[in-house]
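No experiment lies behind these values; they were computed from the predicted model shown. Reminder, nothing fancy here: chain letters follow the sequence lines and each chain counts from 1.
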Amino acid sequence: MEINTIAAQQLNKRPTVAQTIQQSLTMAYRGLLKVRYTPEQLVDVTVQPILFTLMFTYLFGGAISGNVHNYLPIIIPGILAQSILTGTVTIGVQFREDMGKGVFDRFRSLPIARIAPLAGALLADTIRYALVTILTFTMGYLMGYHPLAGIKGIMLVSVLVICFAWCVSWIFALAGVIGRSASSVQGISMMILFPLTFLSNAFVPANTLPSGLQWFVKFNPVSHLVTAIRELLNQNVIGMDFWLTIAGGLIILMIFIPLTVKAYMRKA
Amino acid sequence: MVHPISSLIKNSRFAVEATGLIKHFGDNKAVDGVSLNIEAGCIYGVLGPNGAGKTTTISMLSTLLRPDGGHASVFGYDTVRDAHIVRQLIGLTGQYASVDEKLSATENLYLFSRLLGLSKKDARKKSADLLESFDLMEAAKRPLSKFSGGMRRRLDLAASLIAQPPLIFLDEPTTGLDPRTRLQMWDTIRQLVASGSTVLLTTQYLEEADQLADRIAVIDSGQVIAEGTPAELKASIGIAALELQLRSRDDAGTADDIIRQILGIDCHISPEGRITAPLADPDLITDILMAFRTHQIELVEVSVKSPTLDEVFMAITGKEKQKPINA
């Protein structure tokens, strides 16, 4: 058996930052490779934006805004926020599944940074969020939505939602790390996600709701995200909600990065 | 042959030194005080039935599990304190395939190579080399779900050898393989040691441990119950089992005494008057049979069998697995 020696020239006490980044990128690449074999993994971020945009626009358009065209500036930001947040759930479910597999034992026995598998999964998912964003805007465009803010505004909104989604994905990554099984993670995540996305101003104006619900909708971070997107796209304005959304994302990171990393390290 | 990495190692005499390893899962004492010393450059077999604690022991030695008690070191590096260094010295082939089912063989090896710090070019070359030496070239592009059990094990082993680790753990490498594939796997394992690596393998098969291992630890209920070279173990366990069927159950007591006198070991007598005794020296059968004739004990059947793992345990622990001892 002819194998050239590539064993480490020295033994390292711990991985360097550069090694950690390279290993995380390799793990992200692994995530993308898997998508090639199981493209159905992308159903939630491809079919959903297309289907929901069509469905909700024609279903609610007349009732809420008089006609479909007037509803588009309301619904497209709503659908974008809703679809991208639904996409964040997947990380927990897939990571839970991955951790239960034999290959994870090998990762744990390799001299790699403990955080690399988790970091790789989180990185790979940003591609999914980009896909949701592109598809939703394309659908909107085809149905006649031409935002006032133009391409620059669309780019800014895209960066905002993708970053916000990445922050939120840490919550579901935690669910994935501590959950008992993939299906329980799915169940818990959906229970968190449904009230957050539907009890917001994503689909209907909040002022038609009972007062208790109005209160919840106003404080719901998803409402701030939706409002921020609407203001940016339709009025070309960076308003209060834009900053609140960024603050919300940072708060999520501050709480959930330590929690998730700690829970994950205990298992890794 | 000396392993190339040996100049970097703290303790190059012992690949593994474990003292009093303990791992409990709730009430289940999976590993209950295991001590092992494994010299570098040998094949060390850990023999035991399902649930004896073999996999848990390997998991602790390979840094996957933190021991509840005791400590272990690999080439002088503590498996808990210096876990990252230990991981640079070991390769682990799990009992179930520790490769990515959804990816192809090439992709698996490429990814593991990249994780181990090889450049893209080197990783591609390494994957191709390993696929060739493990005879997996034709299946390289297929997803693993289409692989046979033997191919999967070979890929698994190939993945453990990317960094040419000086210590390789093989957890039941041949369980579930057909006899021909098993022989191929044995050859591969022997080649590994020839290239300077130390191999720790677990097995349920006495024959496998006998064929491959320089030393064997027999493990049961989380404890090492015997340790030594295959020859030493055989001498203490008996290379074969003597089975005698008495015509009359009444002779059991006398027969028991005779066998204890001649073999120096307690035998097992079933309610039907069937005697089983481990036999180290086949020549002693003559003595036993002559003594039986002298005492007018009649036999229905005499046979000598290779010992099963159950009988090995019976010999070492003095009890038969599962079945209670017959008084």
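Between the side chains of Ser62(B) and Arg108(A), no donor-acceptor pair of N or O atoms lies under 3.5 Å.
Counting non-hydrogen atoms of other residues, nucleotides and ligands closer than 6.0 Å to NZ of Lys13(A) gives a total above 12. By the 6.0 Å contact criterion, CZ on Phe194(A) is open, its count of non-hydrogen atoms from other residues, nucleotides or ligands being 12 or less. A 6.0 Å sphere centred on CE of Met190(A) holds more than 12 heavy atoms belonging to other residues, nucleotides or ligands. Atom CZ of Phe25(B) is surrounded by more than 12 heavy atoms from other residues, nucleotides or ligands within 6.0 Å. Heavy atoms from other residues, nucleotides or ligands lying under 6.0 Å from CD of Glu138(B) number 12 at most.
Contact annotation for Ser59(B): neither backbone nor side-chain heavy atoms come within less than 4.5 Å of a heavy atom of chain A. At a 4.5 Å heavy-atom cutoff, Ala83(B) makes no contact with chain A through either its backbone or its side chain. Using a 4.5 Å cut-off between heavy atoms, Phe169(B) makes no contact with chain A at all.
Among the candidates Pro15(A), Ala113(A), Pro111(A), Ala116(A), the residue making the largest number of heavy-atom pairs closer than 4.5 Å to chain B is Pro111(A). With respect to chain A, the highest number of heavy-atom pairs below 4.5 Å among Thr63(B), Ile90(B), Leu111(B) belongs to Leu111(B). Of all the listed residues (Pro143(B), Ser104(B), Gly91(B)), the one sharing the greatest number of non-hydrogen pairs under 4.5 Å with chain A is Ser104(B).
Using a 4.0 Å cut-off between a side-chain N of Lys or Arg and a carboxylate O of Asp or Glu, Asp100(B) and Lys101(A) do not qualify as a salt bridge.
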Apply side chain to side chain contact (heavy atoms under 4.5 Å, CB included) to Asn12(A) and Ile85(B), showing your working. CA-CA 6 Å; Asn12(A) 300 312; Ile85(B) 294 183; over 6 Å; no
Leu116(B) vs Ile112(A), test: side chain to side chain contact (heavy atoms under 4.5 Å, CB included). Steps then yes/no. CA-CA 7 Å; Leu116(B) 286 163; Ile112(A) 57 171; 5.6 Å; no
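Annotation: the span from Leu11(A) atom CG to Asp82(B) atom CG amounts to 10.0 Å, rounded to 0.5 Å.
Looking at every heavy atom in both residues, Arg14(A) comes nearest to His84(B) through CA-CD2, 3.5 Å.
Looking at Arg106(A), its side chain does come within 3.5 Å of a backbone N or O of Ser98(B) through a donor-acceptor pair. For the pair Gln19(A) (side chain) and Gly117(B) (backbone), a donor-acceptor distance under 3.5 Å is absent.
For residues 23-38 of chain A, a heavy-atom distance under 4.5 Å to chain B picks out Gln23(A), Thr26(A), Met27(A), Tyr29(A), Arg30(A), Leu33(A), Lys34(A), Arg36(A), Tyr37(A), Thr38(A), given by residue number.
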